[in-house]
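This report concerns only the one structure given below.
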There are 2 protein chains.
Amino acid sequence: MEDVWKQFEENNITHSAAHHLLAVRDLKKTRGYARVTDVARYLNITTGSASTNLKNLKSKGLIREDENKFLELTDEGEAVATAVIKRKQLFYSFLVDVLNVNEEQADIDSCKTEHLLSAETAQKLEKFLNKYKKQAG
Amino acid sequence: MEDVWKQFEENNITHSAAHHLLAVRDLKKTRGYARVTDVARYLNITTGSASTNLKNLKSKGLIREDENKFLELTDEGEAVATAVIKRKQLFYSFLVDVLNVNEEQADIDSCKTEHLLSAETAQKLEKFLNKYKKQAG
DNA sequence: AGCAAATGTTTGGTATGGCAAACAGTTTGC
DNA sequence: GCAAACTGTTTGCCATACCAAACATTTGCT
């Protein structure tokens with residue numbers, strides 16, 4: 001596989017898109033609904049940006065909208081969001097529990113990488129953490 | 001620190017820019033010189049793209065150009081490049097030596113994150129790896 | 001000298017992803 | 001009922017970052 005460095009943007013999803021999915025997911029869960037404005041407020045971006053970005057996610061089949069403009073994740077969107085959350089949690093746990101990185105910094109670092117780690121890395125990191133916590137915990 | 005998710009692009013350097021620096025560095029080291037065309041070929045992008053991107057790095061003081069259009073890193077550019085390489089090596093080592101991730105996948109994952117990990121994480125990852133290799137190696 | 005190849009820059013196009021601001025609907029309150 | 005507030009979309013603009021293609025310049029060879 002040549003041009004490894006070019007694969008950076010060739011992920012299933014971008015950082016921004018991932019956070020739009022997470023926003024919809026969290027808003028639905030905690031408030032029962034998610035509209036464009038809610039997502040914009042959640043992410044601290046303008047409604048214009050949120051509108052455009054969410055439209056994009058709709059066109060990719062990750063988000064659905066009902067007759068009343070209420071947003072929710074499709075099954076595929078839910079799967080992507082779940083995977084992102086899982087990767088973030090795993091890496092965060094590694095940073096904090098294993099490396100003793102400051103929680104704030106761990107939050108930043110795990111947030112930046114949550115959409116970039118491969119399934120293989122995530123799976124093996126999980127295994128490692130389970131073993132580690134059994135031993136040291 | 002709010003808007004953690006927005007910090008993704010607020011790094012010292014972008015993924016693309018980092019690889020332009022690494023290209024100049026490697027070309028200088030292995031061939032003795034680095035020109036726009038060399039960087040373009042190295043990164044498998046057009047000379048137009050390389051020209052624009054390198055101009056940007058020049059304006060940021062990370063790259064210098066002599067009278068003959070030969071490029072080299074400034075001290076600051078060298079420092080950034082070195083840090084990127086170090087982070088990539090550390091994470092690669094963690095993936096391969098600790099997690100047993102496939103080398104090809106580890107290359108991809110470490111390449112994606114090389115410019116994103118914090119100094120704290122890098123420093124603590126290094127400590128961890130030293131200990132780990134003394135024990136298990 | 002002169003032409004061709006190599007090198008480098010610029011221009012116009014794509015895409016993401018921010019912004020502000022104009023605009024269009026809908027809902028709410030008086 | 002009507003104005004104000006709220007919600008959503010669209011339009012221009014910015015920056016990054018890629019492309020192709022046109023253009024300019026420099027180098028090299030005969």
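Below, chains carry the letters A, B, ... as their sequence lines are ordered, and counting in each starts from 1.
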Worksheet item: How would you label the contact of A/T37 with the nucleic acid (heavy atoms, under 4.0 Å): base, sugar-phosphate, or nothing?
Response: sugar-phosphate
Discussion item. Side chain of A/T47 only, heavy atoms from C-beta on: which candidate in C/dG18, D/dG8, C/dT7 is closest?
Written reply: D/dG8
Practice prompt. Calculate the interatomic distance between B/Y33 atom OH and C/dG8 atom C1'; express it in whole Å.
Written response: 15 Å
Discussion item. OP1 or OP2 of C/dT9 versus the side-chain N and O atoms of B/K69: is any pair under 4.0 Å?
Written reply: yes
Practice prompt. Establish, with yes or no, whether the OP1 or OP2 oxygen of D/dC18 is under 4.0 angstrom from a side-chain nitrogen or oxygen of B/S49.
Written response: no
Worksheet item: To the nearest angstrom, how far is B/L57 atom CG from C/dT9 atom C1'?
Response: 16 Å
Discussion item. Rounding to an integer number of Å, can you tell me how far B/L54 CG sits from D/dT16 P?
Written reply: 14 Å
Worksheet item: Picking from D/dT9, D/dA20, C/dG18, which would you name as closest to the side chain of B/T46?
Response: D/dA20
Fill in: Gap between atoms CZ and P, on B/F70 and C/dT7 respectively (whole Å)
10 Å
Response to the item:
DNA chain C nearest-nucleotide lookup for A/N68 and A/N56: closer to the 5′ end is A/N56
Practice prompt. For the side chain of A/S16, starting at C-beta, report the closest nucleotide among C/dG8, C/dT16, C/dG18.
Written response: C/dG18
Discussion item. Considering every strand and a 4.0 Å limit on heavy-atom distances, what is the contact class for A/N44: base, sugar-phosphate, or nothing?
Written reply: sugar-phosphate
Discussion item. What verdict does the side-chain contact (heavy atoms from CB on, under 4.5 Å) test give for A/I45 and A/N53, after you've listed the backbone C-alpha separation in whole Å, the side-chain angles of each residue and the deciding distance to 0.1 Å?
Written reply: CA-CA 11 Å; A/I45 59 178; A/N53 298 338; 4.3 Å; yes
Practice prompt. Between D/dC19, C/dT7, D/dA17, spot the one nearest the side chain of B/I45, thanks.
Written response: D/dC19
Fill in: For atom CG of B/L27 and atom P of C/dT7, their distance in whole Å
13 Å
Worksheet entry | Separation of atom NE2 in A/H19 from atom P in C/dG18, rounded to whole Å | 10 Å
Fill in: Spacing between B/L21 atom CG and D/dA17 atom P, to the nearest angstrom
11 Å
Worksheet item: Which nucleotide in the list D/dC18, D/dC19, C/dT9 gets nearest to the side chain of B/E65?
Response: C/dT9
Worksheet item: According to the interplanar angle, ranging from 0 to 90°, do the rings of B/H15 and B/H115 count as parallel (below 30°), tilted (30 to 60°) or perpendicular (above 60°)?
Response: tilted
Fill in: side-chain contact (heavy atoms from CB on, under 4.5 Å) between B/R35 and B/L71, worked out
CA-CA 6 Å; B/R35 298 160 305 169; B/L71 304 162; 5.6 Å; no
Discussion item. So if I take every side-chain heavy atom of B/N53 and compare against D/dA17, D/dT9, C/dT16, which nucleotide ends up nearest?
Written reply: D/dA17
Discussion item. From the set C/dT10, C/dT9, D/dT16, return the single nucleotide nearest to any side-chain atom of B/K55.
Written reply: C/dT10
Response to the item:
Whole-Å distance, B/R41 CZ to C/dT7 C1', equals 9 Å
Worksheet item: Do the rings of A/F94 and B/F128 sit parallel, tilted or perpendicular, given the 30° and 60° boundaries?
Response: perpendicular
Fill in: Pairwise distance CG(B/N44) to CG(A/D3) - rounded to 0.5 angstrom
4.5 Å
Worksheet item: In terms of side-chain heavy atoms of A/T14, which of C/dT16, C/dG18, C/dA20 is nearest?
Response: C/dT16
Worksheet item: Going by distance alone, is a donor N or O of one side chain under 3.5 Å from an acceptor N or O of the other, for A/T30 and A/D26?
Response: no
Item to complete: Would you mind classifying the nucleic acid contact of A/D38 as base, sugar-phosphate or nothing, using non-hydrogen atoms under 4.0 angstrom?
Response: nothing
